[in-house]
Amino acid sequence: MKRYIYKDLLKWKDTPRRKPLMLYGARQVGKTYILKEFGRNEFDEMIYINCYKNEQLKILMSGDADVNRILLGISSMTNLEIRPGKTFIFFDEVQEIPDVVAALKYFCEDAPDLHVAAAGSLLGVMNMEETPFPTGKVDIKHLYPMTYDEFLEAVGETTKAELLRLANTDETVNSLLLSFTDRLRQYYFVGGMPEAVLDFIENKNPVSVRVIQQAILTAYDADIAKHAGKDTQKARMVFESISSQLARENKKFIFGALKKGARASEYEQAIQWLVNAGLIYKVCRVSKAAMPLKFYEEKDIFKLFLLDVGLLAAMANVPPSLMLIGNTVFTEFKGAFTENYVLTQIKTIPETVIGYYSKDNSSLEIDFIVQCGSEILPLEVKAEENVKSKSLRQFVTIDNSGSGMHGYRTSMKGYEQQDWMSNIPLFAIRPFLLRKSQDALPKADTV
């Protein structure tokens, strides 16, 4: 299946001053698959080394930090010649042998002409406390679950995915609204975990998709138990509460919903652990919609979202029929799926900062405030076609009048343009914001 990160891997390959690559991402988002595809397609040979229960590699990496010695050992283990520019060395499951992660520093310093990549469970890598991380000596890239437009390509809707990426196609996209919405309904159920997507394509069986999703959630629970240490039970409580927290009218995370009398200080480390592991996303309230947005974050007031909307449906045990037939998934559940969906799409756009805005003494709330390129974008999320935008209008035309701010709403409706606000279809929100972020990049001088 096509993943958009492939283009970033190609850029990394051709960068003269590249460093060893560390591909970050939660378990089962497709790190091994995409790096294997990249190695097979772009190099004469790939040396794939799985660190899991690899005693031979463990012995090799426990010696001194002589890169020539390590390369000789790898070559003898695999019976392959290592040739700069021709060979791709891929260490997988690196959390199993922390010395491999530490050795990336020496590959960077002493063998910069080699193409070396590493991947593994983010849960494991972040917990290698006794092993120094090669800070500044690796190029880090993030892989997330498949986005809606990647899902479109996977199910054979390449033309529709291309339409979403192109500018000036508003009328064409609007004419295909029902078709895009039908696929969005499927995406809400399947989500972007590659194994679930592949099963959906091959079997078209909602039951088997849900079995895969539940297995992934079970694996996450086992990882929490293995790596979270003293915060295991608290991390589980936070993780399991996300679906019910998002179903609230006000989606601000409430500690009292975990247990009576629960305090923020009790759960701070558990929440941060889940964030670092890539299993949840934390979006803080901001006191002001201005650049740079991080300056205005209120760290103690936030919403929590799951890494994948399909897993959210599985966690909440929503029957497949309610997800796949009719518009119940869009109109019910207080917009929990839609807001989680929008957040996961924005998270994949590099260099964006995401917050939300509300007032303690008012019902006014802006679902997301997005720093995208050089702009601050107030974004209202509507899960249905009833798109009255009272809060957004007040925020843009009254509270921030004279600032030049433009409002954005994403909803079930097609593209619409007003003087103070633009409506973006839910299924087009990521490509739209990606275009805006790319338009903000400095353009190379032309001759």
Side-chain angles (χ1 to χ4, degrees), residues 4 8 24 140-142 144 147 165 167 250-253 271-272 275-276 278 280-305 339-382 389-411 415 417-424 426 428-445:
Y4 295 153
D8 294 330
Y24 274 172
I140 296 175
K141 297 191 181 299
H142 293 262
Y144 299 93
T147 61
R165 289 195 292 271
N250 179 351
K251 295 174 177 61
K252 183 181 78 170
F253 191 82
I271 289 173
Q272 192 58 49
V275 170
N276 291 344
I280 66 173
Y281 303 133
K282 181 179 179 181
V283 177
C284 294
R285 189 170 77 170
V286 294
S287 59
K288 184 178 180 181
M291 295 275 286
L293 199 60
K294 278 194 171 294
F295 278 12
Y296 303 101
E297 285 184 344
E298 300 177 35
K299 300 292 187 181
D300 56 342
I301 303 175
F302 54 85
K303 305 176 186 178
L304 295 182
F305 298 90
E339 202 164 320
N340 202 104
Y341 157 76
V342 170
L343 188 276
T344 58
Q345 303 306 291
I346 301 174
K347 282 291 293 185
T348 67
I349 302 174
E351 308 302 324
T352 54
V353 181
I354 311 167
Y356 81 98
Y357 182 85
S358 68
K359 292 181 178 180
D360 291 332
N361 58 350
S362 168
S363 62
L364 185 148
E365 179 170 329
I366 306 300
D367 298 307
F368 297 113
I369 305 292
V370 184
Q371 180 179 316
C372 183
S374 57
E375 282 189 80
I376 293 292
L377 313 179
L379 177 64
E380 187 173 56
V381 177
K382 292 291 187 181
S389 301
K390 181 179 177 181
S391 289
L392 184 63
R393 180 186 286 272
Q394 178 179 325
F395 188 77
V396 172
T397 63
I398 299 175
D399 296 357
N400 289 278
S401 63
S403 67
M405 181 179 289
H406 189 75
Y408 293 88
R409 180 184 64 210
T410 184
S411 73
Y415 285 103
Q417 185 73 34
Q418 298 181 32
D419 57 348
W420 63 275
M421 183 271 295
S422 301
N423 188 88
I424 314 301
L426 280 167
I429 189 61
R430 179 188 176 274
F432 174 79
L433 292 177
L434 183 61
R435 287 199 303 272
K436 289 192 75 67
S437 68
Q438 291 173 338
D439 289 344
L441 294 174
K443 300 296 186 295
D445 293 335

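In this text the structure is predicted, and so the values were computed from the model without any measurement.
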Problem - Ring center gap for F305 and Y281 short of 6.0 angstrom - result: no
Exercise for the section: Write down the atom of V275, the atom of K282, and the distance for their closest heavy-atom approach. Expected result: CG2-CB, 3.9 Å
Exercise for the section: Flag the pair I429 / V381 as yes when at least one side-chain heavy-atom distance between them is below 4.5 Å, and no otherwise. Expected result: no
Exercise for the section: Please name the pair of heavy atoms, one in M291 and one in G373, separated by the smallest distance, quoted to 0.1 Å. Expected result: CE-O, 4.0 Å
Handout entry: Atom pair OG1/CD of T344 and E339 - distance to nearest 0.5 Å
Key = 11.5 Å
Fill in the blank from the handout: Applied to residues 348-357, the side-chain hydrogen bond (donor to acceptor under 3.5 Å, both in side chains) test, sequence neighbours excluded, yields T348-R430
Exercise for the section: Measure the shortest side-chain to side-chain distance between F253 and I271 over non-hydrogen atoms and say whether it is less than 4.5 angstrom. Expected result: yes
Practice task
Could I get the full list of salt bridge (charged side-chain N to carboxylate O under 4.0 Å, His left out) partners for D419, not counting sequence neighbours?
Solution key: none
Exercise for the section: Write down the atom of S437, the atom of I349, and the distance for their closest heavy-atom approach. Expected result: OG-CG2, 3.6 Å
Handout entry: D367 (side chain) donor-acceptor with E380 (main chain) under 3.5 angstrom
Key = no
Problem - Heavy-atom donor-acceptor pair, S422 side chain to Y408 backbone, under 3.5 Å - result: no
Exercise for the section: List the steps and the verdict of side chain to side chain contact (heavy atoms under 4.5 Å, CB included) for I424 and Y415. Expected result: CA-CA 5 Å; I424 314 301; Y415 285 103; 4.1 Å; yes
Completion exercise
Output for pair (I376 CD1, S403 OG), nearest 0.5 Å, gives 10.5 Å
Practice task
Taking the side chain as every heavy atom from C-beta outward, state whether L343 and F368 have any pair of such atoms under 4.5 Å apart.
Solution key: yes
Exercise for the section: Would you mind reporting whether L379 and V342 have side-chain heavy atoms less than 4.5 Å apart? Expected result: yes
Problem - Worked check of side chain to side chain contact (heavy atoms under 4.5 Å, CB included) between L433 and L377 - result: CA-CA 10 Å; L433 292 177; L377 313 179; 3.5 Å; yes
Practice task
For residues F395 and M405, determine if any side-chain heavy atom of one lies less than 4.5 Å from a side-chain heavy atom of the other.
Solution key: yes
Exercise for the section: Of all the heavy-atom pairs spanning I369 and A289, show the shortest one and how long it is. Expected result: CG2-CB, 4.0 Å
Practice task
Report the residue from K252, R285, K303, K251 that forms a salt bridge (Lys or Arg N to Asp or Glu O under 4.0 Å) with E365.
Solution key: K303
Completion exercise
Between the CG atom in L364 and the OG atom in S358, the distance rounded to the nearest 0.5 Å is 8.5 Å
Problem - Side-chain heavy atoms of K359 within contact of D399, under 4.5 Å - result: yes
Practice task
Indicate the atoms forming the closest heavy-atom contact of S391 with S363, along with that distance.
Solution key: OG-O, 4.2 Å
Exercise for the section: Flag the pair W420 / L392 as yes when at least one side-chain heavy-atom distance between them is below 4.5 Å, and no otherwise. Expected result: yes
Handout entry: Any donor-acceptor N/O pair, E297 side chain to C284 backbone, under 3.5 Å
Key = no
Exercise for the section: Would you check if K382 and R409 make a side-chain contact, meaning some heavy-atom pair closer than 4.5 Å? Expected result: yes
